2 protein chains.
Amino acid sequence: MRALGEKLGVDPTAVYRHFTDRDDLFREVGDRTLSPVVEGFEPTTDPSKDIASLCILLRSTLIANPIGLQITAQGPTRRPNELLITEIILSSLKRSGLKVPKAVIAYHTIIEHTLGSAWLDAPLARAGDNRLETYTAWRDDYRELDPKVYPATRAAAGDLYPASELVFESGLAALISGLVPH
Amino acid sequence: MRALGEKLGVDPTAVYRHFTDRDDLFREVGDRTLSPVVEGFEPTTDPSKDIASLCILLRSTLIANPIGLQITAQGPTRRPNELLITEIILSSLKRSGLKVPKAVIAYHTIIEHTLGSAWLDAPLARAGDNRLETYTAWRDDYRELDPKVYPATRAAAGDLYPASELVFESGLAALISGLVPH
DNA sequence: ACCTGAACACCGTTCAAGT
DNA sequence: ACCTGAACACCGTTCAAGT
């Protein structure tokens, strides 16, 4: 709050005139950061494709600007951009032929997968270029494990931590093809 | 740290003799909290079943004691219990017939799904009994949305936020059947 | 070898007072 | 209607000093 005050050229406590507390401010800013998702989304005639492209865009947007991520774990903000994202996913699921109780489970599963992936990948993605070096260092650690205690991990060591986008998208594809009629 | 010191009847700064910093302590405690997963796991002859039961146990353990969750987002701790969980999943995937590059992607996808679900559900699960009341309050909010702007969300309002275990397990089943040979 | 205690450099937030 | 500034009640961590 002090850093924000300085950035704005204003007393740190002036913010409390406009937001009840830090989390309230974060919810508002967090929803603003989602506007590239709503604006960048391009609907097609294929509901499964729409869900996939929206989720990929949502994940990369959250990773680029993770300010809203921690607040999301406390529940839905029910603010405009978040609601529009919910609407796009639910209406796509409806278009795909899913009725309401199953569509809702599919929605929660898919959004949970997307938010979870963004949450796990955000810290490393921020690190930028040394992300690849970090992965290499981890792999080296796994390579030094005792093959008697951890044989499968030791054998897989060199292949651990592939591109996180690949992991996310392969999971997303499995979820969509498992939960959405096609 | 001050609260911990008081609990131990010791100066708050005494901890720094044994751990380099707060995160170091949390990594160690976090791995200890995973021991019920390793000890409670009961292997069968079905690799897919083993992965599912391990992940369900891991998720509920993390939710019951989420101290290690935030640290996990900064990368693997590579401590004993975490490594054993990795080993169980990778060896199950191997048993199922998956070779190394694909097995690793399946591993990351499945563990990401499990950690992500625990992260999203932990705050509400801690709230305990008013969790259901919270869900009801949220549904009421969604029911009041403008049906012209959010038709699909409005129509699904009453069914949103089903039991989080159901959401997690249906996603897990879809992932396993999509990524693991059977 | 381990712990203490003062201190540093921070936090989010409240509230009376200002303009 | 909005901002200021002092103050409260906290943080994690360091480091010289103690036993």
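Order of the sequence lines fixes the chain letters, A, B, ..., with proteins taken first and strands second; residue numbering starts at 1 for each chain. Everything numeric in this text was worked out from a predicted model, so none of it was measured.
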Gap between atoms [atom1] and [atom2], on [X] and [N] respectively (whole Å):
X: B:D23; N: D:dC11; atom1: CG; atom2: P; value: 17 Å
X: A:R2; N: C:dA9; atom1: CZ; atom2: C1'; value: 11 Å
X: B:L4; N: D:dG12; atom1: CG; atom2: P; value: 10 Å
X: A:L8; N: D:dT4; atom1: CG; atom2: P; value: 10 Å
X: A:H18; N: C:dT13; atom1: NE2; atom2: P; value: 15 Å
X: B:R22; N: D:dC10; atom1: CZ; atom2: P; value: 17 Å
X: A:Q70; N: C:dG12; atom1: CD; atom2: C1'; value: 14 Å
X: B:F19; N: D:dG12; atom1: CZ; atom2: P; value: 15 Å

For the side chain of B:Y16, starting at C-beta, report the closest nucleotide among D:dT14, C:dT4, D:dC3.
->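 Of the options given, the side chain of B:Y16 lies nearest D:dT14.
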Closest nucleotide among D:dT13, C:dG12, C:dT14 to the B:T13 side chain = D:dT13
Watson-Crick or G-U wobble partner for D:dC10, using a 3.5 Å limit on both distances?
->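 The answer is none; no pair meets the criterion.
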Under a 3.5 Å limit on both distances, the Watson-Crick or wobble mate of D:dG5 is C:dC15
side-chain contact (heavy atoms from CB on, under 4.5 Å) assessment of A:E169 paired with A:S164 = CA-CA 9 Å; A:E169 290 178 29; A:S164 64; over 6 Å; no
Of A:T20 and B:A14, the one whose nearest nucleotide on DNA chain C sits closer to the 5' end is B:A14
Sole candidate of A:E28, A:R27, A:E82 that passes side chain to side chain donor-acceptor pair (under 3.5 Å) when paired with A:T77 |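 Of the listed residues A:E28, A:R27, A:E82, the side chain to side chain donor-acceptor pair (under 3.5 Å) partner of A:T77 is A:E82.
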Under-4.0 Å salt bridge between A:D146 and A:R154 |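 No.
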Are A:D50 and A:R95 within salt-bridge range, i.e. N to O under 4.0 Å?
-> yes
Result for 5'-nearest mapping on DNA chain D, choosing between A:D11 and B:A3, is A:D11
In whole angstrom, give me the gap between the P atoms of C:dA9 and D:dC10.
-> 22 Å
Does NZ or CZ of A:R22 come closer than 6.0 Å to the centre of the six-membered ring of A:F26, within 45° of the ring's axis?
-> yes
Would you say a side-chain N or O of A:R17 is under 4.0 Å from OP1 or OP2 of D:dC3?
->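 So the side-chain polar atoms of A:R17 never come under 4.0 Å of the phosphate oxygens OP1 or OP2 of D:dC3.
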